[in-house]
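Start at 1 and go down the list; that is how both ligands and their atoms are numbered.
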Amino acid sequence: MTARRVVVAGAIVADRRLLLAQRGYPAEVDGLWELPGGKAELGESPESALRRELREELGVEVRVGTALRESVALRHDLVLVALRAYIEDGSPRAVEHRALRWVDADELRSLHAEGSLVPADTAWVPELLVDLARR
Ligand code: C5P
């Protein structure tokens with residue numbers, strides 16, 4: 001059996017807004033919005049991987065919190081999980097993405113309805129809407 005690799009994504013909510021990042025590649029998801037993150041290295045914990053990815057992609061230092069309940073099988077050997085993250089230092093910049101955007105609950109619903117989210121990330125919309133109503 002092949003070991004399962006983890007792709008981690010950060011759910012960063014502050015002031016009732018969620019940080020979304022717009023992908024530029026590959027072509028199938030070019031222009032779509034996602035929770036920023038990436039693949040954990042072998043032997044790297046999901047928490048460390050997320051801190052590293054958000055440092056590389058957004059230029060911020062984060063504290064990592066709890067996981068969202070839903071996880072998504074991207075392939076048989078690749079699972080996508082989202083962890084709540086809180087910016088401790090820096091202001092997010094689109095280092096590797098086309099753009100960044102803070103969205104409120106209505107904007108998240110609209111992006112979802114118009115098909116502008118990366119497909120795998122749509123699994124998190126219900127949980128993200130709950131978080132957006134709280135923080
Ligand atoms: O960002 P990166 O290309 O390293 O992501 C690895 C895989 O995880 C890709 O297939 C990407 O589409 C997927 N992914 C995703 N949702 C995210 C982050 C990554 O579906 N929020």
Side-chain angles (χ1 to χ4, degrees):
M1 201 181 91
T2 327
R4 266 195 146 187
R5 293 289 289 274
V6 177
V7 178
V8 285
I12 302 176
V13 174
D15 297 332
R16 300 197 176 222
R17 286 177 189 263
L18 169 72
L19 185 64
L20 291 180
Q22 189 177 35
R23 289 196 70 111
Y25 69 93
E28 315 86 79
V29 291
D30 184 10
L32 301 184
W33 296 85
E34 69 175 4
L35 300 187
K39 219 182 270 186
E41 309 285 356
L42 278 176
E44 186 181 39
S45 71
E47 290 77 12
S48 301
L50 185 61
R51 283 195 297 271
R52 177 181 53 73
E53 287 287 347
L54 297 184
R55 192 179 296 131
E56 290 170 2
E57 294 188 352
L58 309 177
V60 296
E61 294 299 323
V62 300
R63 173 172 67 79
V64 177
T66 53
L68 300 197
R69 237 175 319 106
E70 290 293 331
S71 62
V72 183
L74 290 176
R75 304 193 311 239
H76 71 287
D77 60 343
L78 205 57
V79 62
L80 175 66
V81 298
L83 302 172
R84 296 181 175 88
Y86 308 88
I87 296 176
E88 298 210 302
D89 195 36
S91 304
R93 285 175 293 120
V95 179
E96 294 180 4
H97 286 89
R98 278 190 188 287
L100 301 180
R101 162 171 186 198
W102 291 95
V103 297
D104 64 18
D106 284 343
E107 291 165 324
L108 180 61
R109 276 192 208 94
S110 300
L111 287 171
H112 184 29
E114 71 191 35
S116 294
L117 299 178
V118 166
D121 294 33
T122 59
W124 295 317
V125 169
E127 284 176 88
L128 291 168
L129 288 171
V130 173
D131 279 15
L132 281 169
R134 282 195 187 134
R135 313 198 285 269

A.B. asks: Considering only heavy atoms of Ala9, which atoms of ligand 1 have at least one such atom less than 4.0 Å away?
C.D. replies: 21 (N)
A.B. asks: Pull out every atom of ligand 1 sitting under 4.0 Å from any heavy atom of Gly37, numbered as shown with elements.
C.D. replies: 1 (O)
A.B. asks: Give me the atom names and distance for the closest heavy-atom approach of Ala85 to Leu54.
C.D. replies: CB-CD1, 4.2 Å
A.B. asks: Between Arg16 and Asp104, is there a side-chain N and carboxylate O pair less than 4.0 Å apart?
C.D. replies: no
A.B. asks: Should the pair Glu56-Arg52 be classified as a salt bridge under the 4.0 Å nitrogen-to-oxygen rule?
C.D. replies: yes
A.B. asks: Under 4.0 Å from any heavy atom of Val118, which atoms of ligand 1 are there?
C.D. replies: 20 (O)
A.B. asks: Taking 4.0 angstrom as the limit, do Glu53 and Lys39 come out as a salt bridge?
C.D. replies: no
A.B. asks: Protein heavy atom under 4.0 angstrom of atom 21 (N) of ligand 1, is there one?
C.D. replies: yes
A.B. asks: Charged N to carboxylate O below 4.0 Å: is that the case for Arg55 and Glu61?
C.D. replies: yes
A.B. asks: So, for Ser91 and Val60, which heavy atoms are closest and what is the spacing to 0.1 Å?
C.D. replies: C-CG1, 3.7 Å
A.B. asks: With respect to atom 6 (C) of ligand 1, which of Asp121, Val7, Leu117, Leu32 exhibits the smallest heavy-atom separation?
C.D. replies: Val7
A.B. asks: May I ask whether atom 15 (C) of ligand 1 is less than 4.0 Å from at least one protein heavy atom?
C.D. replies: yes
A.B. asks: Run the numbers for me: atoms of ligand 1, each under 4.0 Å from some heavy atom of Ala120, listed by number.
C.D. replies: 20 (O)
A.B. asks: Would you tell me which option among Lys39, Arg23, Arg75, Glu53 has the nearest heavy-atom contact to atom 3 (O) of ligand 1?
C.D. replies: Arg23
A.B. asks: Considering non-hydrogen atoms of the protein only, which is the closest contact for atom 18 (C) of ligand 1, and what is the distance?
C.D. replies: Glu34 OE1, 3.3 Å
A.B. asks: For atom 4 (O) of ligand 1, what's the nearest protein heavy atom and its distance?
C.D. replies: Gly38 CA, 3.9 Å
A.B. asks: Are Asp77 and Arg75 within salt-bridge range, i.e. N to O under 4.0 Å?
C.D. replies: yes
A.B. asks: Is the closest N or O pair between Leu74 and ligand 1 shorter than 3.5 Å?
C.D. replies: no
A.B. asks: Do you know which two heavy atoms are closest between Glu107 and Trp102, and how far apart they sit?
C.D. replies: OE1-O, 3.8 Å
A.B. asks: Has Val29 got any heavy atom lying under 4.0 angstrom from an atom of ligand 1?
C.D. replies: no
